[in-house]
2 protein chains.
Amino acid sequence: MNERKETKAAQIARTLAERIVSGMLEPGARLRQDHVAEEFGASHVPVREAFRLLEAQGLAKNEPRRGVRVAAFDLNQVREVAEMRAALEVLALRNASQHLTPAILAAAEEATLEGDRARDVTAWETANRRFHRILLTPCGMPRLLAAIDDLHAASARFLFSAWRSNWETRTDRDHRAILEHLRRGEVDAAAAVLARHVQWIGRKPVETASGKRREAFVIEG
Amino acid sequence: MNERKETKAAQIARTLAERIVSGMLEPGARLRQDHVAEEFGASHVPVREAFRLLEAQGLAKNEPRRGVRVAAFDLNQVREVAEMRAALEVLALRNASQHLTPAILAAAEEATLEGDRARDVTAWETANRRFHRILLTPCGMPRLLAAIDDLHAASARFLFSAWRSNWETRTDRDHRAILEHLRRGEVDAAAAVLARHVQWIGRKPVETASGKRREAFVIEG
DNA sequence: ATCAACATAATTATCTATAATTTAAAGGAG
DNA sequence: CTCCTTTAAATTATAGATAATTATGTTGAT
């Protein structure tokens, strides 16, 4: 009945992570343990542990006796995360390729379709993450997959901040190209597309709430 | 006066990490917070935080209400860590290559010499880590460097477990080849050697305490 | 009167001590 | 021997105390 297998620190960390990724908590914002504790109806000890978890994911940064803040996220870090994802996802795909079955590829295709049908950024991001996870999980390298998951969270964070106001549905050509190569057993080609896909960072005009057009950095994949 | 800039949790985590890496604490060993707390003359709250730090480094594993254990480290994980290091260190080297100066290369060479002079595994490991860090730090990607550091700790852990009893000094040809390529500006070649160097996993007869010879897996780099 | 340096107060992080859940183990009845 | 109850141990959470940092205010000098 009681499905509270999760510890309270993990709950708090998960909720705060969502807020950081979604942009509700802005970069540099202070996280005061007493306030967070009060909000969650908890003591400050599990809150401290939650902070450590966020720190491990790279979503928060702690200065020894000066408190913890939401991690900054400038363009350099976006590029850094993108390059790390490219390197690690290619590695995962290469190791997964031997274990990919038609059923898995079909499930990945379904995730792509789900992405096409998405009507907001959140839904698209969920589908996109599912696509990558379906393809990479068969590599059977838990540490690698955990690292990739953390990088995905960081990417999503930027995605939301860039595309918060205007979002348009689009078909994902890269996803389909990856699947097509994998069906033909062309692992190198699939890996090359994945690397480019993840690393692609472009500029795109974004319409702000005030109606002014400005340039924003956009990362896809 | 008081140079205790480091928090108590960090101290404990650092000490426990050393013990895990050195093999003093064996894989699967339970870490009971009360005992650790008593040993360090602390309460169990900072101990719990230390556990979270170790978990983030991949040195310990926590099952929600069943305690934390020293992370297992079988051959699959050794290979996994090696492949991740290859991917990430190559990425770091490529980004660092533009910022490498003759002075930096000289410092790296000095680290290699230090490794040659090393008379035990610990000294060699320290020098080896220094070599890699000197070459990669100029990439200016803090998140990437932190990830590599954690992977180095995991590698060192295995290194110590394999070479605990018998250790022989040896010159490191790969390090010198990497430096030579970099001096000539041959980044691709340097990266290729680095990838092979880090990923190289061989077998080596190891003499156990009981005098019996068995096969052990050995990772270098 | 303005600014700097020092001391004091308030805020916040860190740690200790203690209580309450939960899991693992031991003992006893069917 | 199996299953259920009881007991013990360890993890998790709470509340309170301590120590460090930031902010504030006062004094003194230029």
Side-chain angles (χ1 to χ4, degrees), chain A residues 1-20 24-72 146, chain B residues 1-20 24-72 146:
Chain A
M1 202 75 67
N2 202 356
E3 41 207 326
R4 287 179 60 267
K5 276 293 182 188
E6 203 179 24
T7 184
K8 196 166 275 190
Q11 292 178 35
I12 297 173
R14 200 162 36 79
T15 306
L16 290 180
E18 283 172 14
R19 289 188 194 167
I20 295 174
M24 194 182 306
L25 285 170
E26 291 186 7
R30 283 192 70 172
L31 295 175
R32 281 175 292 238
Q33 57 183 8
D34 289 345
H35 297 194
V36 176
E38 191 183 14
E39 178 191 343
F40 286 86
S43 182
H44 46 262
V45 174
V47 173
R48 290 176 63 73
E49 293 186 28
F51 287 172
R52 291 286 132 82
L53 294 173
L54 293 174
E55 212 183 338
Q57 291 177 26
L59 294 177
K61 197 179 140 216
N62 175 39
E63 290 182 74
R65 286 169 195 276
R66 309 175 61 171
V68 31
R69 295 175 173 276
V70 176
Chain B
M1 204 80 65
N2 201 355
E3 42 204 323
R4 288 179 60 265
K5 276 292 184 191
E6 201 179 25
T7 185
K8 197 165 276 190
Q11 290 177 37
I12 297 173
R14 197 162 38 77
T15 306
L16 289 181
E18 283 172 14
R19 290 186 194 169
I20 295 173
M24 194 180 306
L25 284 171
E26 292 186 5
R30 282 193 72 172
L31 294 174
R32 279 177 293 243
Q33 55 185 8
D34 290 346
H35 298 193
V36 176
E38 191 183 12
E39 178 191 342
F40 285 87
S43 181
H44 45 259
V45 175
V47 173
R48 290 177 63 75
E49 293 186 26
F51 287 172
R52 293 285 126 85
L53 294 174
L54 293 174
E55 211 183 339
Q57 292 176 26
L59 294 177
K61 199 178 139 216
N62 175 38
E63 288 181 77
R65 288 168 196 275
R66 308 178 58 174
V68 31
R69 294 174 173 276
V70 175

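In what follows, every heavy atom counts, from backbone to side chain, and hydrogens, waters and symmetry copies are set aside. Each chain gets a letter, A, B and so on, in the order the sequences are listed, and its residues count up from 1.
In this structure, the nucleotide among C:dT16, D:dA20, D:dT14 sitting nearest to the side chain of B:Lys8 is C:dT16. Side-chain atoms of B:Arg66 lie closest to C:dA24 of the nucleotides D:dA13, C:dC15, C:dA24.
Interatomic distance, CZ of B:Arg19 versus OG1 of B:Thr15, reported as 6.5 Å (0.5 Å rounding). Here B:Met24 contributes atom CE and B:Leu16 contributes atom CG; the two are 10.5 Å apart, rounded to the nearest 0.5 Å. Atom-to-atom distance recorded for A:Arg30:CZ and A:Arg66:CZ is 9.0 Å, nearest 0.5 angstrom.
Near DNA chain D, meaning a heavy atom under 4.0 Å from it, residues 28-51 of chain B has B:Arg30, B:Leu31, B:Arg32, B:Gln33, B:Asp34, B:His44, B:Arg48 in order of number.
Note on A:Thr7: a side-chain N or O is less than 4.0 Å away from OP1 or OP2 of D:dA13.
Within a 6.0 Å radius of CD in B:Glu39, more than 12 heavy atoms belonging to other residues, nucleotides or ligands are found.
Going from atom CZ of A:Arg69 over to atom P of D:dT22 covers 10 Å, rounded to whole Å. Atom pair B:Glu63:CD and C:dT22:P shows a separation of 17 Å (rounding to whole Å applied). Distance B:Arg65 CZ to D:dT11 C1': 8 Å, rounded to the nearest Å. Put simply, CD on A:Glu55 is 13 Å from P on C:dA13, counting in whole angstrom units. The nearest whole Å value for the distance from the NZ atom in A:Lys61 to the P atom in C:dA13 is 16 Å.
Pairs of residues two or more places apart, or lying in two chains, that qualify as salt bridge (Lys or Arg N to Asp or Glu O under 4.0 Å) and include a residue from residues 43-55 of chain A are A:Arg48-B:Glu49, A:Glu49-B:Arg48, A:Glu49-B:Arg52, A:Arg52-A:Glu55, A:Arg52-B:Glu49.
Shown are B:Leu54, B:Thr7, B:Val36; of these, the side chain to side chain contact (heavy atoms under 4.5 Å, CB included) with B:Ile12 is made only by B:Val36.
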